[in-house]
Amino acid sequence: MSTAILTGPPAPGSSLDGDLRSLGFDVKAASGADEAGALLAAVPAGERVALVDPRFVGHVHALRLALTDPRFPAAAAPGALTAQSGARPALARALTAAGTSGTDDLTGTLADALDADGVAVHRPQLGTLVATVPADAEARHEARAAVDAVDDEAVRLRSAVKAHDGFFTTFFISPYSRYIARWCARRGLTPNQVTTASLLTALIAAGCAATGERGGYIAAGVLLLVSFVLDCTDGQLARYALKYSTMGAWLDATFDRAKEYAFYAGLALGAARNGDDVWALALGAMILMTCRHVVDFSFNEANHDATANTSPTAALSDRLDSLGWTVWARRMIILPIGERWAMIAVLTAVTNPRIVFWALIIGCAFGACYTTAGRVLRSLTRRAKRTDRAAQALADLADSGPLAGIVARVLARTGPRLPGVVLAAVATGALLATVLARPFGDRQIVIIAVFYVVLSGAAGARPLKGALDWLVPPLFRAAEYTTVLVLAARSDSAHALPAAFGLVAAVAYHHYDTVYRIRGGTGAPPAWLVRVTGGHEGRTLLVTVLAALLADRGDDFTLALTALAVAVALVVLVESIRFWVSSGAPAVHDEGETA
């Protein structure tokens with residue numbers, strides 16, 4: 001239970017007391033700032049406190065947005081202010097100062113005081129919702145008429161849907177999934193429960209695909225679409241009910257990938273039952289999707305706080321967006337998650353896994369080329385100064401381990417060198433060219449892998465602030481993942497590719513986890529985790545060494561990949577779960593990327 005303090009008696013006929021109680025507040029009344037301060041002091045330190053002007057007139061959802069969102073330490077709207085436990089001391093100081101000022105707008109004065117005291121006060125965008133403190137009877141009458149003129153529930157339903165989403169999601173899912181979200185809210189279901197239901201549905205769909213039968217494929221396609229509806233519903237429920245949580249951020253950020261990759265595995269197992277080995281295609285699709293997302297994440301981290309962040313390419317993009325229809329066309333051609341899952345579901349039901357994977361690879365490759373080319377052009381034509389924070393984020397996304405760290409420390413004292421992106425490109429190109437050209441187990445691959453380690457360290461020896469240095473993390477992802485794919489595909493073991501699929505899935509989880517920690521403002525995973533897992537260069541070198549040592553030993557290479565996959569998965573999952581369920585993790589709900 002939270003506490004709401006009215007800074008005076010409610011106006012005659014006001015529903016304010018009932019509205020606040022419906023939002024979960026225990027309502028108390030104070031005669032002024034001094035008494036409000038005394039009531040504030042009596043509230044347990046860990047509870048949220050709201051101060052509301054008794055003259056407030058507005059929608060209940062306006063109060064909900066201003067007073068119940070858990071993501072912000074303090075928030076305010078006209079006539080209403082809230083503070084969570086971390087902002088309570090600043091609020092107490094502001095109330096003490098306001099007690100002698102005699103202000104007529106106490107909540108507004110307190111909000112300004114919190115801002116001045118270093119507490120960022122969130123002020124939600126209310127749109128057509130009404131939140132005001134009328135000065136007289138005539139203004140109160142007009143405000144109540146404005147409240148009656150706007151459907152509070154309709155606004156709440158609309159705001160439950162993300163403002164920017166893909167074409168398929170916007171026009172084929174959200175028109176009804178928002179009502180499913182409301183149904184869930186009215187029955188006390190939480191976003192985490194819906195997210196879990198989405199995961200379980202996708203896993204059942206993967207199991208159906210693994211049967212290898214036409215009926216199983218049809219059921220898998222239908223269930224995958226149901227899973228996606230639930231995936232949209234969980235976020236809409238969080239926005240509808242303002243039920244954002246730490247656990248929800250972690251679940252929403254990682255389950256999409258778990259569902260998609262599990263479905264890939266199900267398709268590969270189903271194809272194998274019919275004598276068609278598509279594990280290489282499944283792993284290739286997973287690698288392509290992950291590298292494409294890393295491009296998105298790296299570019300955004302490199303440029304979201306850059307100064308002078310403009311370019312002719314960005315201006316052209318803005319002009320295209322102003323045409324309207326081009327917005328949807330450009331969102332669709334990059335094959336965002338809604339379009340991607342719809343394509344997978346339909347093709348699974350009517351074709352076979354090989355066709356599904358080839359369509360996925362071709363579509364995602366086109367989308368990756370389109371987005372990457374546009375971002376390269378923007379980077380080359382803009383004159384942006386990148387910050388230390390952006391450089392650190394790119395270094396964290398690179399996931400360089402202890403071997404690269406040793407090289408970087410040695411080379412940091414040698415003076416000027418090539419840009420990081422050039423060194424990363426040379427390292428990746430040399431490694432992949434050798435892996436593709438040399439036979440499985442060739443010792444020359446190990447030598448080039450050592451060269452890759454050295455150049456990887458050199459790439460990170462100075463801050464990644466170059467125009468194209470945001471390409472460093474995706475280049476490293478492509479090098480590591482593709483090396484595992486090619487070596488597994490060329491080994492004589494029949495089960496090396498499924499083992500490689502598991503290893504890449506475990507490492508990709510670690511990389512996605514890094515992204516969402518950085519997005520949440522908590523920084524990268526702890527340094528010990530990167531050391532224990534070896535970093536991208538350490539794992540790449542280890543896999544090439546294992547291939548050279550175990551080339552003529554039957555299934556030993558498969559067993560080694562499996563053991564490595566299990567070890568990496570255990571370490572990163574245990575640490576990730578510990579982090580995301582801890583009280584120190586951010587209470588945010590990821591809005592996601594359309595891609």
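Each residue takes its place number in the sequence, starting with 1. All values derive from a computational prediction rather than experimental measurement.
- Remark: the R71 side chain and the H122 side chain contain no N/O donor-acceptor pair separated by less than 3.5 Å.
- Looking only at side-chain heavy atoms (C-beta outward), K259 and F228 stay at 4.5 Å or farther from each other.
- Formation of a donor-acceptor pair under 3.5 Å by the Q84 side chain with backbone atoms of A74 is not found in this model.
- Interatomic distance, F501 CZ to I287 CD1, rounded to the nearest 0.5 Å: 9.5 Å.
- Side chains of E260 and M286 form no contact here, defined as non-hydrogen atoms less than 4.5 Å apart.
- A donor atom on one side chain and an acceptor atom on the other are not found under 3.5 Å apart for S85 and R48.
- With values rounded to the nearest 0.5 angstrom, D234 atom CG is found 9.0 Å from L251 atom CG.
- Using a 4.5 Å heavy-atom threshold, the side chains of L237 and R182 count as separate.
- The aromatic ring centres of Y452 and H536 sit less than 6.0 Å apart.
- Residues R517 and D396 are not paired through a salt bridge, judged by the lack of any N-O separation under 4.0 Å between the basic side chain and the carboxylate.
- Going from atom CG of L242 over to atom OG1 of T68 covers 4.5 Å, rounded to the nearest 0.5 Å.
- Under the 4.5 Å side-chain criterion, counting only non-hydrogen atoms from C-beta, S379 is in contact with F299.
- A donor-acceptor pair under 3.5 Å is formed between the side chain of D277 and the backbone N or O of W279.
- Between E153 and R178 there is no salt bridge, since no side-chain nitrogen of the basic residue lies less than 4.0 Å from a carboxylate oxygen of the acidic one.
- If you check the side chains of W341 and D231, you find no donor sitting under 3.5 Å from an acceptor.
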Let's go through T201 and S227 carefully: what are the C-alpha distance in whole Å and the side-chain angles of both, what is the deciding distance for side chain to side chain donor-acceptor pair (under 3.5 Å) to 0.1 Å, and is it a yes or a no? CA-CA 5 Å; T201 305; S227 175; 5.5 Å; no

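- Side-chain contact check for S174 and Q236: at least one donor-acceptor pair (N or O, by modelled atom type) lies under 3.5 Å.
- Residue V484 forms a side-chain contact (heavy atoms from CB on, under 4.5 Å) with just one option from V504, V507, L497, and that option is V504.
- The minimum heavy-atom distance between S576 and Y509, with the atom names listed, is OG-OH, 2.7 Å.
- Aromatic ring orientation, Y512 versus Y261: tilted (interplanar angle from 30° to 60°).
- Ring planes of F171 and F167: tilted class, angle from 30 to 60°.
- With respect to E213 and R273, no salt bridge is recorded, no charged nitrogen being found less than 4.0 Å from a carboxylate O.
- Here the closest non-hydrogen pair linking E537 and D399 is OE1-O, 4.3 Å.
- With 3.5 Å as the limit, one finds no donor-acceptor pair spanning the side chains of D165 and T170.
- For the pair D152 (side chain) and H61 (backbone), a donor-acceptor distance under 3.5 Å is present.
- In this pair, F168 and F172 present their aromatic rings parallel. The plane angle is below 30°, not in the 30 to 60° band.
- Across L360 and R340, no two heavy atoms sit closer than the pair CD1-CG, 3.6 Å.
- D69 has its side chain out of reach of P124: every pair of non-hydrogen atoms, C-beta onward, lies at least 4.5 Å apart.
- Residue L199 holds its CG atom at 5.0 Å from CZ of F255, rounded to the nearest 0.5 Å.
- In this structure the side chain of I518 reaches within 4.5 angstrom of the side chain of T514, judged on heavy atoms.
- Between R156 and Y240, some side-chain heavy-atom pair lies under the 4.5 Å cut-off.
- With a 4.5 Å cut-off on side-chain heavy atoms, T483 and L431 count as touching.
- The line from OG of S491 to CZ of F557 is 6.0 Å long, rounded to the nearest 0.5 Å.
- The two residues G216 and T211 have their closest heavy-atom pair at CA-OG1, 3.6 Å.
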Between D513 and W580, is a side chain to side chain donor-acceptor pair (under 3.5 Å) present by the stated rule, with each step listed? CA-CA 10 Å; D513 187 54; W580 285 106; 2.8 Å; yes

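- Rounding to the nearest 0.5 Å gives a distance of 10.5 Å between OG1 of T387 and CD of Q392.
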Begin from the C-alpha positions of Y264 and F357 and carry the test ring-ring contact (aromatic ring centres under 6.0 Å, His included) through to its verdict. CA-CA 8 Å; Y264 292 176; F357 284 125; 5.7 Å; yes

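- Heavy-atom minimum distance, V60 versus S22: CG1-OG, 4.3 Å.
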